[in-house]
S.K.: 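What follows is a structure written as structure tokens; I'll ask about it next.
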Amino acid sequence: MAGRYGELDYSVLTKRSFLLGVALFAIGALGELGLTAAGISVPDWERALLFDIELLGILIGLLSPFVFGILLPLTE
């Protein structure tokens with residue numbers, strides 16, 4: 001029988017969304033580190049974009065276990 005949200009595999013969604021958050025954080029951090037190490041001059045909006053990607057990665061990485069691992073399974 002299908003649940004409220006269909007046939008969702010919460011453990012897979014939790015793992016994949018957490019890994020997406022880690023990947024976004026790594027891309028942002030390595031991008032900023034690479035620009036700093038290389039001494040390349042880039043516009044401020046590019047550095048802000050990398051910083052925003054880092055913050056988004058942290059947010060997704062922290063919230064996805066609670067949303068897909070705890071909240072949604074409890075509401076079914």
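Each residue takes its place number in the sequence, starting with 1. Everything numeric in this text was worked out from a predicted model, so none of it was measured.
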S.K.: Can you tell me how far CG of Leu35 sits from CG of Leu50, rounded to the nearest 0.5 angstrom?
M.R.: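 Spacing of CG (Leu50) from CG (Leu35) equals 6.0 Å.
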
S.K.: Just so I know, are the side chains of Glu46 and Ile40 near enough to count as touching, which here means a heavy-atom distance under 4.5 Å?
M.R.: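 Heavy-atom side-chain distance check fails, nothing below 4.5 Å.
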
S.K.: Determine whether Trp45 and Leu24 fall in the same hydrophobic cluster, where Ile, Leu, Val, Met, Phe, Trp and Tyr are linked whenever their side-chain heavy atoms lie under 4.5 Å apart.
M.R.: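 Yes, Trp45 connects to Leu24 through the hydrophobic network.
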
S.K.: Considering non-hydrogen atoms only, spot the tightest contact between Ser17 and Phe68 and give its length.
M.R.: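 Nearest pair, atom of Ser17 first, then Phe68: OG-CD1, 3.6 Å.
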
S.K.: Search all heavy atoms of Thr14 against all heavy atoms of Gly69 and return the closest pair with its distance.
M.R.: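 Closest pair (atom of Thr14, atom of Gly69, distance): OG1-N, 3.4 Å.
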
S.K.: Test side-chain contact (heavy atoms from CB on, under 4.5 Å) on Arg47 and Val42 and set out the steps.
M.R.: CA-CA 7 Å; Arg47 288 195 185 270; Val42 295; 3.8 Å; yes

S.K.: Quick one: pull up OH in Tyr10 and CG in Leu74 and give me the separation to the nearest 0.5 Å.
M.R.: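 Result: 10.0 Å between the selected atoms.
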
S.K.: Hey, is the main chain of Phe51 close enough, under 3.5 Å, to the side chain of Glu32 for a donor-acceptor pair?
M.R.: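 Confirmed, Glu32 side chain pairs with Phe51 backbone.
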
S.K.: Contact between Leu71 and Phe66 at the side-chain level, heavy atoms closer than 4.5 Å - yes or no?
M.R.: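 Counting from C-beta outward, Leu71 and Phe66 never come under 4.5 Å.
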
S.K.: Applying the side-chain contact (heavy atoms from CB on, under 4.5 Å) criterion to Leu62, which one of Ile58, Ile60, Leu59 satisfies it?
M.R.: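 Checked Ile58, Ile60, Leu59 against Leu62; only one passes side-chain contact (heavy atoms from CB on, under 4.5 Å): Ile58.
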
S.K.: Hydrophobic clusters here meaning ILVMFWY residues chained together by side-chain heavy-atom distances under 4.5 Å, can you tell me if Phe18 and Leu55 are in one?
M.R.: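 Phe18 does not cluster with Leu55.
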
S.K.: So for atom CG, which belongs to Asp9, do other residues, nucleotides or ligands contribute more than 12 heavy atoms lying within a distance under 6.0 Å?
M.R.: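 More than 12 within 6.0 Å, yes.
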
